[in-house]
Amino acid sequence: MKICVFCGSSAGFRPDYHEAAVALGRAIAERGASLVYGGSKVGLMGAVADAALMAGGEVIGVLPTALRDKEIAHPGLTQLHIVNSMHERKQMMADLSTGFVALPGGLGTLEELFEIWTWAQLGYHRKPVGLLDVAGFYDKLEGFLDHTVEAGFVRAEHRDMLVVDEDPVSLLDRYETYQPVAVAKWIGPTER
Ligand code: AMP
């Protein structure tokens, strides 16, 4: 497995977020999987990479030139790809990985999560996408996602594609047995 982790370039205010990033990085390495991520040493991004490296794992970073100094490249990675744009970064992370996990994070994290999830919904890939829900961080987002189904914009099957777990080991176990769904994206007026 190659697990792509999307997470905050900040650390957040609660220690739980940092602890979860460490636990996920370690869990990835301990099952012999590789970590793919944004290549930075700051915030939760640095924490997940450090933990995977400490546990002897392979860590592949993908960083756009323009963010090299702002996000500060991690100096100890197994591989660091410097790419020309954010689009290239996200494409490369998507191609390299066999599954995607979001930890707590900000707009960049949410954008990456939703992009890769919408690609799954369109059938561009069949890889698992999920959340490590730390200290209820994603509770309100989950409520809103349920609302998108109730309002007729998202199919329940597509909503349910998102694998949500509070424990990194059990999340990764579920990725091992993940079965992709194949349903049409668009919802007709008669399907209420
Ligand atoms: P954040 O969650 O905002 O701290 O960002 C986490 C990571 O997402 C950072 O490495 C950002 O560079 C990255 N990111 C990816 N796509 C975007 C985007 N469209 N806008 C902003 N940040 C992004």
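Values below: all heavy atoms of this structure, side chains included; hydrogens, waters and symmetry mates excluded. We're numbering straight along the sequence, starting at 1. Ligands are counted one by one from 1 in listed order, and the atoms in each one are counted from 1 as well.
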Undergrad: Looking at M93, M92, H87, Q91, which hits side chain to side chain contact (heavy atoms under 4.5 Å, CB included) with R89?
TA: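 The option that passes is M93.
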
Undergrad: Applying a strict 4.0 Å limit to heavy atoms, is P64 in contact with ligand 1?
TA: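 Under 4.0 Å: no for P64.
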
Undergrad: Can you tell me which portion of C7 lies within the under-4.0 Å heavy-atom range of ligand 1? Options are side chain, backbone, both, or neither.
TA: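 Backbone only.
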
Undergrad: Just heavy atoms, cut-off under 4.0 Å: does L107 contact ligand 1 by side chain, backbone, both, or neither?
TA: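 Just the backbone.
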
Undergrad: Within a distance under 4.0 Å of any heavy atom of S9, pick out the atoms of ligand 1 and give their elements.
TA: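 Near S9, the atoms of ligand 1 are 1 (P), 4 (O), 5 (O), 6 (C).
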
Undergrad: Any donor-acceptor pair under 3.5 Å linking the side chain of T109 with the backbone of C7?
TA: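 Judged by distance alone, yes, a pair lies under 3.5 Å.
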
Undergrad: Can you tell me which residue and heavy atom of the protein come closest to atom 18 (C) of ligand 1, and the distance to 0.1 Å?
TA: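 Going atom by atom, the protein heavy atom closest to atom 18 (C) of ligand 1 ends up being E111 OE1, 3.8 Å.
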
Undergrad: Closer than 4.0 Å to some heavy atom of G106 - which atoms of ligand 1 meet that?
TA: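 Contacts of ligand 1 toward G106, numbered from 1: 1 (P), 2 (O), 3 (O).
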
Undergrad: With side chains defined as the heavy atoms from C-beta onward, is the minimum distance between L103 and F6 less than 4.5 Å?
TA: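 Not touching, per the 4.5 Å side-chain cut-off.
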
Undergrad: With a cut-off of 4.0 Å, which atoms of ligand 1 are near a heavy atom of M86?
TA: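 Those qualifying, in numeric order: 12 (O), 14 (N), 15 (C), 16 (N), 17 (C), 23 (C).
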
Undergrad: When you measure from the heavy atoms of R89 to every atom of ligand 1, does any distance fall below 4.0 Å?
TA: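 Yes.
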
Undergrad: Say whether E71 and S40, considering side chains only, have a donor N or O and an acceptor N or O under 3.5 Å apart.
TA: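 No, S40 and E71 have no side-chain donor paired with an acceptor closer than 3.5 Å.
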
Undergrad: Let me confirm one number: the OH-OG distance from Y175 to S170, rounded to the nearest 0.5 Å.
TA: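 Y175 OH to S170 OG: 11.0 Å, rounded to 0.5 Å.
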
Undergrad: Taking all atoms of both residues into account, what is the closest heavy-atom pair of D146 and R159, and its distance?
TA: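 Of all heavy-atom pairs spanning D146 and R159, the closest is OD1-NE, 2.9 Å.
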
Undergrad: Among protein heavy atoms, which lies nearest atom 2 (O) of ligand 1, and at what distance?
TA: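 Checked against all protein heavy atoms, atom 2 (O) of ligand 1 sits closest to T109 OG1, 2.6 Å.
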
Undergrad: Is the closest heavy atom of G38 to ligand 1 under 4.0 Å?
TA: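 No, G38 has no heavy atom closer than 4.0 Å to ligand 1.
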
Undergrad: Can you report which non-hydrogen protein atom sits closest to atom 3 (O) of ligand 1, along with the distance?
TA: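 Looking only at protein heavy atoms, the one closest to atom 3 (O) of ligand 1 is G108 N, 2.9 Å.
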
Undergrad: Considering only heavy atoms of E71, which atoms of ligand 1 have at least one such atom less than 4.0 Å away?
TA: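 By the 4.0 Å cutoff, the relevant atoms are 9 (C), 10 (O), 11 (C), 12 (O).
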
Undergrad: Which residue and non-hydrogen atom of the protein lie closest to atom 8 (O) of ligand 1, and at what distance in Å?
TA: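 Atom 8 (O) of ligand 1 sits closest to the protein heavy atom E112 OE1, 3.2 Å.
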
Undergrad: State the atoms of ligand 1, each with its element, that fall below the 4.0 Å cut-off from a heavy-atom position in M45.
TA: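 Every atom of ligand 1 under 4.0 Å from some heavy atom of M45: 10 (O).
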
Undergrad: Before we go on, tell me: are the rings of F153 and H158 under 6.0 Å apart, centre to centre?
TA: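 Between H158 and F153, which both carry aromatic rings, the centre distance is not below 6.0 Å.
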
Undergrad: Using side chain to side chain donor-acceptor pair (under 3.5 Å) as the criterion, point out the one residue from Q79, K2, E58 that pairs with S34.
TA: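 Option passing the side chain to side chain donor-acceptor pair (under 3.5 Å) with S34: E58.
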
Undergrad: Does I28 reach the side chain of V5, with side-chain heavy atoms less than 4.5 Å apart?
TA: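 When only atoms from C-beta onward are counted, V5 and I28 do touch, with a gap below 4.5 Å.
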
Undergrad: Is the shortest side-chain heavy-atom distance between H74 and L80 below 4.5 Å?
TA: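 Not touching, per the 4.5 Å side-chain cut-off.
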
Undergrad: Under a 4.0 angstrom heavy-atom cut-off, which atoms of ligand 1 come close to L67?
TA: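 Selected atoms, number and element: 12 (O).
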
Undergrad: Mark the output for G8 as yes if a heavy-atom distance to ligand 1 is under 4.0 Å, and as no if none is.
TA: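 Within the 4.0 Å threshold, so yes.
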
